[in-house]
Number of protein chains: 2
Amino acid sequence: MISIPVLTLKRLPQYLELLYGFEQEGQDTISATRLAELTGVHMTQVRKDIALTGVVGIPKVGHKIKDLIESIESCLNWKDLSSAFLVGVGRLGSSLLGYSELKRKGLNIIAGFDSDPAVAGTLVDGVIIHSMDKFADLCRRMKVHIGILTVPADQAQATAELMVESGILAIWNFTSALLQLDEKIIVEDMDMSASLAVLSRRLSEKYESDSEPKRKTKNYKNKIDQEKQ
Amino acid sequence: MISIPVLTLKRLPQYLELLYGFEQEGQDTISATRLAELTGVHMTQVRKDIALTGVVGIPKVGHKIKDLIESIESCLNWKDLSSAFLVGVGRLGSSLLGYSELKRKGLNIIAGFDSDPAVAGTLVDGVIIHSMDKFADLCRRMKVHIGILTVPADQAQATAELMVESGILAIWNFTSALLQLDEKIIVEDMDMSASLAVLSRRLSEKYESDSEPKRKTKNYKNKIDQEKQ
DNA sequence: CCTCAATCGCTACAAAAATATCGAAATACT
DNA sequence: AGTATTTCGATATTTTTGTAGCGATTGAGG
């Protein structure tokens, strides 16, 4: 199975979003050129991305929308549902449990877990919540390989280690913690900080363009001298 | 103001996260080499990233943690709070309102808005919720420039347009919709789909390595013929 | 006081990604 | 039917990003 570049993977869902829209409008075909206009991605880039999913288009016509959706979905493995466990049923965790979109994207959260005994046994959006001590056993028995981490940051590392011991192979990390795990575990950070960082910086680059950059001192002596003053 | 590469911007919060930890442990200095080990980023890359923030380190010692934190935070504009409005007080929106971390990262959500009249006037985590029709006026009067978009996907485009008309310059988009707005508006997508796509694909690349890739047909005739069958 | 080891930051190099260019194929229009 | 136009997909070029290597600088230890 060929390895698809990360940046391409991140663009594919964008195309897909547009394609769903066109499909509902009853459209039949779409050109790479048009997709490029709508996403802001360069048209040759769109072609490359599409090529990686393995579909071929028809000159003058474009691509059949149905084929394209099919191809991207199967490329992202969104066609068949993967089971996942979610740990940390706080507000963020709860909102994920109620986010039906995930099922359409191949992720089926079949149970939630929380260290708070009060929530154990309850249902959140139809999903059963267990106490933490059941995690390892259920995980092994049900052969679940995806873990969703929505605990407070200070419990993230410990929880992640428990997940790995219990047979989890991929962790979707919603905490700001940097997980230190075995190399072979797939960790995907859904980090708000990273996104916010880009937003913040771009905003200040654009609208606070004065404030000259600090002159970098080239020699260490100067640095020390400055500090002593 | 120099433009910092996106990928660097996304790594900076990671370093910061580690630095906060070291600071609490009472550590005074840190080397780029050590940061590299912990983040998995190559050590020369860490040095480049750090250089972009404008600090200089001391050979043999490394960087003063306090200086480094200071420098990264001011680089990301996390030192002074920017005001923001949040639209869409559903579960996701609510969880953001209660996420105190954001204030530490320079984002101050000063009000929420929702089209549901039932929630108007209530407080969610101490933040007042208004009805949508107040948005434009308040936004202009309070000179708020950042909008957080947590409405259902089908209302995303319309809401975003309202934001822009009201003077919003940057939108943090939590919906899966692709916003079509004026080029000069900064849009940062906090897209779960993109993240999930990477996770899904990486998992199948690793553990379902069979299933040979479809052979791409190089000529269009073949394609048509196949379809006719 | 002098050598050694560690770290910094600069410059050059390599890899990857994005963009431009080109020929081939297919529909639509004359 | 023939030509023009659109779109595909492959190849090249440019740009961006990541990696490696080097000399310079500092603190520690003999």
Side-chain angles (χ1 to χ4, degrees), chain A residues 2-12 14-15 27-65 67-68 71 198 214-228, chain B residues 2-12 14-15 28-37 39-65 67-68 71 198 214-228:
Chain A
I2 60 160
S3 167
I4 295 183
V6 183
L7 292 173
T8 296
L9 288 177
K10 296 201 169 189
R11 280 188 297 261
L12 288 177
Q14 286 191 20
Y15 305 143
Q27 218 168 316
D28 197 45
T29 59
I30 184 75
S31 72
T33 319
R34 182 90 187 103
L35 280 177
E37 282 169 19
L38 290 169
T39 54
V41 177
H42 201 276
M43 77 168 105
T44 51
Q45 193 60 51
V46 176
R47 295 222 179 92
K48 264 193 183 173
D49 291 341
I50 289 175
L52 281 168
T53 72
V55 271
V56 285
I58 303 159
K60 180 77 177 183
V61 175
H63 296 266
K64 290 196 74 167
I65 289 180
D67 288 2
L68 206 44
S71 181
V198 178
K214 273 183 276 183
R215 183 74 205 97
K216 280 193 285 187
T217 51
K218 275 199 182 170
N219 85 26
Y220 304 104
K221 268 259 155 39
N222 281 358
K223 171 105 196 300
I224 301 299
D225 291 351
Q226 283 169 13
E227 276 174 0
K228 281 182 179 157
Chain B
I2 59 160
S3 167
I4 297 183
V6 184
L7 293 174
T8 296
L9 288 176
K10 296 202 169 188
R11 281 188 296 262
L12 289 177
Q14 286 191 19
Y15 306 143
D28 197 44
T29 58
I30 183 77
S31 71
T33 319
R34 182 90 186 102
L35 281 177
E37 282 170 19
T39 55
V41 178
H42 201 275
M43 78 169 104
T44 52
Q45 193 60 50
V46 175
R47 295 220 179 94
K48 266 194 180 173
D49 291 340
I50 288 175
L52 282 168
T53 71
V55 272
V56 286
I58 303 161
K60 180 77 178 186
V61 176
H63 296 267
K64 290 196 74 168
I65 289 179
D67 288 1
L68 205 44
S71 182
V198 178
K214 274 182 277 186
R215 183 76 204 97
K216 280 192 285 187
T217 50
K218 275 200 183 170
N219 86 25
Y220 305 104
K221 270 259 157 35
N222 281 0
K223 171 105 195 300
I224 301 300
D225 291 350
Q226 284 170 12
E227 275 173 3
K228 280 181 185 157

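Residue numbering restarts at 1 for every chain, and letters A, B, ... go by the order of the sequence lines.
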Partner residues of Arg47(B) under the salt bridge (Lys or Arg N to Asp or Glu O under 4.0 Å) criterion, sequence neighbours left out: none
Side chain to side chain donor-acceptor pair (under 3.5 Å) involving Gln27(A) - partner list, sequence neighbours excluded: none
Relative orientation of the end axes in the helix from dC1(C)-dG30(D) to dT30(C)-dA1(D), expressed as an angle to the nearest 10° (five pairs per end): 10°
Any pair counted as salt bridge (charged side-chain N to carboxylate O under 4.0 Å, His left out), so long as it reaches residues 53-62 of chain B, sequence neighbours left out: none
Between dT27(C) (P) and Asp28(A) (CG): distance, integer Å: 13 Å
OG1-NE2 distance between Thr33(A) and His42(A), expressed to the nearest 0.5 angstrom: 10.5 Å
Check: Tyr15(A) and Leu68(A) side chains under 4.5 Å, non-hydrogen atoms: no
Protein-nucleotide distance (Leu68(B), atom CG; dT7(C), atom C1'), rounded to Å: 14 Å
side-chain contact (heavy atoms from CB on, under 4.5 Å) partners for Thr8(A), two or more places apart: Ile4(A), Pro5(A), Arg11(A), Leu12(A), Asp49(A), Leu52(A)
Thr53(B) side chain to Ser71(B) backbone, donor-acceptor under 3.5 Å: no
Results of side-chain contact (heavy atoms from CB on, under 4.5 Å) for Val61(A) - residues two or more places apart only: Thr29(A), Ile58(A)
Anything under 3.5 Å between a protein N or O and an N or O of nucleotides 14-18 of chain D, put it in a table, one pair a line.
from	atom 1	to	atom 2	distance (Å)
dG18(D)	OP1	Arg11(B)	NH1	3.1
dG18(D)	OP2	Arg11(B)	NH2	3.1
dG18(D)	OP2	Gln45(B)	NE2	3.3
dG18(D)	N7	Lys48(B)	NZ	3.2
dG18(D)	O6	Lys48(B)	NZ	3.4

Heavy-atom pair of closest approach, residues Leu35(A) and Thr39(A): O-OG1, 2.8 Å
Heavy-atom pair of closest approach, residues Met43(B) and Ala36(B): CA-CB, 3.4 Å
Kindly give the atom pairs (protein nitrogen or oxygen, nucleotide nitrogen or oxygen) under 3.5 Å for nucleotides 3-7 of chain D.
from	atom 1	to	atom 2	distance (Å)
dT6(D)	O4'	Lys60(A)	NZ	3.3
dT7(D)	O4'	Lys60(A)	N	3.3

